[in-house]
Amino acid sequence: MKPIFGPRTEQVLAFLTELWNLSPEQITEVSRAWRKANDLNRAEAWAQLQRAASRNERHRILAAAAVARRQAMDVAHLYHRTDWAFWAAAWDAAAAIAADDGKSQRYEILTGPLTTVLSSLSRERGGAQVPAQRGKRRAEARRDKGRATANSAQGDRARGAHQQ
Amino acid sequence: MKSRFLQLFEYSPDAMVMVDRAGQIHEANNQAEQLFGYGHNQLRGESVQRLFPGQSVPLPSGLGPVERIGRHLDLVGSSSDLRQFPADVNVIPIQTERGTANVISIRDITDAQRAQFVLELGLDTYEAADLDRHALLDHLIRAQEEERGRIAAGIHDDTIQVLAAANLRLQQLRLRLADPEEVGILDKLEQTLRIALSHLRQLIFDLRPMSLQRGGLATALRAVLEEMRSDLGISYRLDNRCTIELAPGTAALIYRTAREALVNVRKHAQAKTVRVQLRDVSGGCLVGIVDDGVGYDPAEIEERPGHIGLSLIRERAEIAGGWSRIESMPGGGTTVEFWIPHHGVPEQPEARHDPAA
């Protein structure tokens, strides 16, 4: 597969697919979270992202962001949602996914609003995952759950991971 | 249950073979026989290696939680007539009466790969064209800025000097005139000259905003906002929290980008108020321009060609190594936000001081 969005193309594509699975309520929730977030932190995260990338990388990051924005717009229109904060959140998140390994502060800031409904993006889980990774993680979670029958604390953790 | 499984196996649209842990084929459905060019039951007893010569087909030995998920492989299949094809292979372990076995589903992805190749070729072409467009725009924006500077210098050094000299001569002429009618004509001539000079100075300002050099970016933007207020009654709030002095090239770029956004407010927004905010963020200048106008549907507007203003805002910011966000919704006003690094733009040649202004 041609890495049209750079080395993390697979993660970006997985994210684009996930956007289609959001419900109208989740779209509203993301919009609300985006508007509530600190715009200066967001601007700073974008600035850092721009600085860290070469001209070519910037081009790919912005391409990912633009496609995600367009897709989010289509999803929002499907449910008659017109608040642009939703596709702004998708724009931010796609840029972060394309640019980052999911461990930086700026990743957390830029994906934050969408993480409220897409836990697969969260930093604790190592950032955006491709479906195969999710399968592996689900399997790990199931294994953990099996081990945890005698230990409820461990069991809770495994169930939390299983929910992804 | 067993017969259902066998039906599923037999009538699956994908080629499927069932192999034991050693990799020996026990069953193959019609699709598998057709795909690999074997007759009925000819595959039975063969090694799976025969279908994928020289490649490893790892088969799980147990049925643990990880193994149960199955395994996806990209292999090259080889048919009985030695035709090779790219294959999408999935290995799924199952429990049978004789222990663990594996169902292998195989899909010939030649067509999909061809389609992908064509798509990738298209993407390459698009990418190259996009890079060219970027380079061209970059060049155009810089050339435009240089040309503006040249025209402004030409007007200042030539036209304005000529008009100033003509004005001096008119004053000399005034000393020689006694006829009140002739003095009246001279008054009108001087007035016309003053208007021409004022228009030329305004033109120089537009081409090379003097207030950028004198009072800085905020002063230049205030002049644009004041003009909007007096022409259209659009009230404004300018909040300047920038403390870092900008290099002339950066200030000019920010000014032009912000002006582009304000021109859009003026032309299309039907706004009552516009709020402009300048802030220092991470070694650059963050500009926010928010109006309370009619807004627009981005899905509709962005699809239509000809929105050069919006593109210019984006391109200017991106060329300078910054970013921009332009968002709107019908009835909800428009928000333009862009960030340009302080040292992201090569400096333009120093603008000359204008004594006539």
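Below, chain A is the first sequence line, B the second, and so on; all start at residue 1.
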Portion of Pro330(B) that has a non-hydrogen atom of chain A nearer than 4.5 angstrom
neither
Would you say that Glu327(B) contacts Trp87(A) through its side chain, given a criterion of any heavy-atom pair below 4.5 Å between the two side chains?
yes
Go through the atoms of Leu49(A) and report whether side chain, backbone, both or neither lie under 4.5 Å from a heavy atom of chain B.
neither
So which part of Thr335(B) gets closer than 4.5 Å to some heavy atom of chain A, the side chain, the backbone, both or neither?
side chain
If you tally heavy-atom pairs under 4.5 Å between each of Gly283(B), Gly322(B), Ala299(B) and chain A, the highest tally belongs to Ala299(B)
Part of Trp339(B) lying under 4.5 Å from any heavy atom of chain A:
side chain
Which atoms of Asn41(A) approach chain B - backbone, side chain, both or neither, heavy atom under 4.5 Å
neither
Lys/Arg-Asp/Glu bridge criterion (N-O < 4.0 Å) met for Arg279(B), Glu44(A):
no
If I take atom CG from residue Leu238(B) and atom CZ from residue Arg275(B), how far apart are they, to the nearest 0.5 angstrom?
11.5 Å
Quiz item: cation-pi between Arg325(B) and Trp84(A), 6.0 Å / 45°
no
I'd like to know which of Gln48(A), Arg55(A), His59(A) tops the heavy-atom pair count under 4.5 Å against chain B.
His59(A)
Quick one: does Phe52(B)'s side chain get under 4.5 Å of Ile106(B)'s, heavy atoms only?
yes
As an exercise: rank Arg58(A), Arg69(A), Met73(A) by heavy-atom pairs under 4.5 Å with chain B and give me the winner.
Arg69(A)
Does any backbone or side-chain atom of Asp83(A) lie under 4.5 Å from a heavy atom of chain B? Answer side chain, backbone, both or neither.
both
Salt bridge between Arg237(B) and Asp239(B), side-chain N to carboxylate O under 4.0 Å?
no
Close side-chain approach of Tyr296(B) and Asn264(B), heavy atoms under 4.5 Å:
no
